[in-house]
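In what follows, a single structure is set out as structure tokens and then discussed.
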2 protein chains.
Amino acid sequence: MAHIAQLAEVDVSTVSRALADSPRVTVETKERIRKIVEETGYVVNHGARMLRNQMAGQILVILPNIAATFYPEVVLGIEDTAQKEGMSVIIGSTQLDNVREEALAQQLLNGAVDGIILLTGHLPEVLRNFAGIERHIVAVSRSVADISIPYVNIDNEKAFAAAVKHLLAQGYTDIAHIAGPKRSPTAIARIQGYTRAMTEAGLSTFIRVEAAESYDIEAGRLAMQRILSSGPPPRAVACASDEMAMGAIRSTRNEGLRVPEDIAFIGFDDISFAAAFEPALTTIRSPRRKMGELGAQLLIRNLKNPNLKPKSIVVEHQLIVRESCGAKRSKGKTSAPNRDN
Amino acid sequence: MAHIAQLAEVDVSTVSRALADSPRVTVETKERIRKIVEETGYVVNHGARMLRNQMAGQILVILPNIAATFYPEVVLGIEDTAQKEGMSVIIGSTQLDNVREEALAQQLLNGAVDGIILLTGHLPEVLRNFAGIERHIVAVSRSVADISIPYVNIDNEKAFAAAVKHLLAQGYTDIAHIAGPKRSPTAIARIQGYTRAMTEAGLSTFIRVEAAESYDIEAGRLAMQRILSSGPPPRAVACASDEMAMGAIRSTRNEGLRVPEDIAFIGFDDISFAAAFEPALTTIRSPRRKMGELGAQLLIRNLKNPNLKPKSIVVEHQLIVRESCGAKRSKGKTSAPNRDN
DNA sequence: TTGAAAGCGTTACCAA
DNA sequence: TTGGTAACGCTTTCAA
């Protein structure tokens, strides 16, 4: 920067102001400096800026399991925005281990990171009484129970109701629901969406919720086995995740039943392989990358403006009609694989 | 740090040395300082350290396409190691756009990042004459042609030969190969592996390579269509990626042929959905996460030790036997989904 | 509108 | 073995 100042024949402080687009520098001076900066390819020293500004310049993303296909795209959205804002991102995977989770959360307390984006839907204990909780933490894609934290998420209840309504629109009445772990707010919201859609259709007698321990393929397989072994099979099943749907479909076929002819399925998430799966999954897509971007924007905005009132953001889901629900393709619905969104 | 020094009744310089585990501090002093650091939850200020050490503290990862399932796990391995080493990672996706790629590469030239990890197999033009090329760049999972850059990769020729040999071991002789874009070193290595395995088995008359434009599902679908429409179908197909295998299998079934009974398939990569696919894919797994970790270690090592001779690392692949190859499960081979490695 | 200078937290050199 | 101190590059307050 001293170099730039020399070339522009001004003081470093002027260069600094010019770069910050301060009104206390004439337009001509700014322009001259801007040109030199461009020519020299100068970039401000991140370390020096952070040192001066008393920020770590880092955001910590806490997610439950790196292996799950859902998260990477959210993370990439976060990275993208963070980078634009001059912050970097570090990732911590709890692997469902409490100790690891608390250790990660410590990083906010001791100032190693400026803020945390939670993808776990769970607030670490050590942060429960942290003063700046609303300014330094944002929950993305999984809301946190009990406590008010700004979040970015789809409306899970509405989204799942939309899934069920799509099955209803195919003429199915006996529709079961394979749900996520019953304590998670997300699972609860989806169960409510299911229940509401069924009730509104006057089908409350058909309501059947089979809760699983997790959202993975194996959980779906087991849940479907329980459903099939406990009486006459339902005509359709709404699953709380695509992975569950895949497991459940495998289960169903193992029993000699056809999908979607005997039992129709709808998943949730639109993970990248939902389209390649056989049968291709009808599902609800949430804008993963977008949620990551918005989450990072929200967090950084809160960090930079201590006086701003933290808010939450609800994003739109999208119904993706493919094969597993047994529908004729309706016009205007995309069925392309989820490349980005 | 001044605070720590005060509590320990020493100078900040001593604290700094103690924290760096310098031999010029007595064990007792170190221990005393260590304790205080622990109690206070002190962490060194990243910005100050970077400022002082003249490093940006950032590694840039350049990858071709964030949507591809292969990369996120490599990136997470990189992040993990980088974090341990006190560096952060930023991610740039070229989306196959040259302009974007060159812009990203600029960041190394102007010092915004200390090093680059290339997952593209392609060295941006602007870096071609960069002096510190061997110290500041590492190629992971895709080697770079023409120019010597340290890399971390499996032995693609050997790995693909292993895939073909597995098909040979099932008794197939008429084995075709759906290959990646012919100019990529990776595709070439795999083609060589295929050719060698076939030749060594005395089956060179059966050699048939169908090159595709990319590694995705659609590319596999089209390549298989070309194969099927040009004469009697092969008995088995070795594909250069799992996604290609998925597309090719769909193509095959569309023609009324059974998999693996009429045509057997083997994929490559062991992406997370290879196990869930129907039929579950036999494939070659490369240790994605491990490669990311090693790549980051290698880069950071090179950055920190200007005098060290840059080296490359070859990691082991693993044959994963599942259903698509028509094999009886052989003992000792895992078929679990690729959760991590 | 611009310049001068202090200070952010570290590290490394030199002195003791 | 330890202490003192300059310097890293930036921002911001105060002065001009």
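- Listed pair A/Thr14 / C/dT2 fails the phosphate criterion, with no side-chain N or O lying under 4.0 Å from OP1 or OP2.
- Looking only at distances, a side-chain donor or acceptor of A/Asp114 sits under 3.5 Å from a matching main-chain atom of A/Gly57.
- The NE2 atom of A/His3 sits 17 Å away from the C1' atom of D/dC10 (whole-angstrom rounding).
- If you take CD of B/Gln6 and P of D/dG4, they are 13 Å apart, rounded to a whole angstrom.
- Under 4.0 angstrom from either OP1 or OP2 of D/dG9 there lies at least one side-chain N or O belonging to B/Gln54.
- Closest to the side chain of B/Leu51, from the set D/dT12, D/dG9, C/dT11, is D/dG9.
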Shorter than 3.5 Å, N or O on both sides, protein versus nucleotides 13-16 of chain C: list them out with atom names.
residue: C/dC13; atom: N4; partner: B/Arg17; partner atom: NH1; Å: 3.3

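- Although no hydrogens or angles enter the test, the distance criterion places a donor-acceptor pair under 3.5 Å between the side chain of A/Arg32 and the main chain of A/Ala8.
- In this structure, B/Met55 places its CE atom 18 Å from P of C/dT10, rounding to the nearest Å.
- As rounded to whole Å, 13 Å separates atom P of C/dT11 from atom CD1 of B/Ile4.
- Below the 3.5 angstrom threshold, one finds a donor paired with an acceptor across the side chain of B/Arg52 and the base of D/dA7.
- The separation between B/Met50 atom CE and C/dT10 atom C1' is 11 Å, rounded to whole Å.
- In this model, no donor atom of one side chain and acceptor atom of the other lie less than 3.5 Å apart for B/His46 and A/Gln58.
- Around atom CD of A/Gln6, no more than 12 heavy atoms belonging to other residues, nucleotides or ligands sit under 6.0 Å away.
- More than 12 heavy atoms of other residues, nucleotides or ligands sit less than 6.0 Å from atom CD of A/Glu31.
- Salt-bridge formation is detected for the pair A/Asp21/A/Lys30: a Lys NZ or Arg NE/NH1/NH2 atom is positioned less than 4.0 Å from an Asp or Glu carboxylate oxygen.
- When each of B/Arg32 and B/Ala48 is assigned the nucleotide of DNA chain D bearing its nearest heavy atom, the one mapping closer to the 5' terminus is B/Arg32.
- Between B/Leu19 atom CG and C/dT11 atom P there is a gap of 7 Å when expressed in whole angstrom units.
- Distances shorter than 4.0 Å separate none of the side-chain N or O atoms of A/Thr29 from OP1 or OP2 on C/dT1.
- OP1 or OP2 of C/dA12 has not a single side-chain nitrogen or oxygen of B/Ser16 nearer than 4.0 Å.
- For the helix from C/dT1-D/dA16 to C/dA16-D/dT1, the end axes, each set by the C1' atoms of five terminal pairs, are bent relative to each other by 40° (nearest 10°).
- Taking every side-chain heavy atom of A/Arg49 into account, D/dT11 is the closest of C/dT2, D/dT2, D/dT11.
- Between the side chain of A/Asp11 and the backbone N or O of A/Ser13, at least one donor-acceptor pair lies under 3.5 Å.
- Rounded to the nearest 0.5 angstrom, B/Ile117 CD1 and B/Ile91 CD1 are separated by 10.5 Å.
- In this structure, NE2 of B/His46 is placed 11 Å from P of C/dT11, rounded to the nearest angstrom.
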Report task. Evaluate the salt bridge (Lys or Arg N to Asp or Glu O under 4.0 Å) criterion for residues B/Lys35 and B/Glu39: first the C-alpha distance (whole Å), next the side-chain angles of each, then the deciding distance (0.1 Å), finally the verdict. Result -> CA-CA 6 Å; B/Lys35 235 177 192 159; B/Glu39 282 164 10; over 6 Å; no

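- Of the candidate nucleotides D/dG3, D/dT11, C/dC8, D/dT11 has the atom nearest to the side chain of A/Met1.
- Here the P atom of nucleotide D/dT13 and the CG atom of A/Asn53 are 12 Å apart, to the nearest Å.
- Map A/Val43 and B/Val10 each onto its nearest nucleotide of DNA chain D; the residue landing nearer the 5' end is B/Val10.
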Requested in this report: Please step through ring-ring contact (aromatic ring centres under 6.0 Å, His included) for the pair B/Phe130 and B/His136, ending with a clear verdict.
Outcome: CA-CA 9 Å; B/Phe130 177 58; B/His136 294 270; 5.7 Å; yes

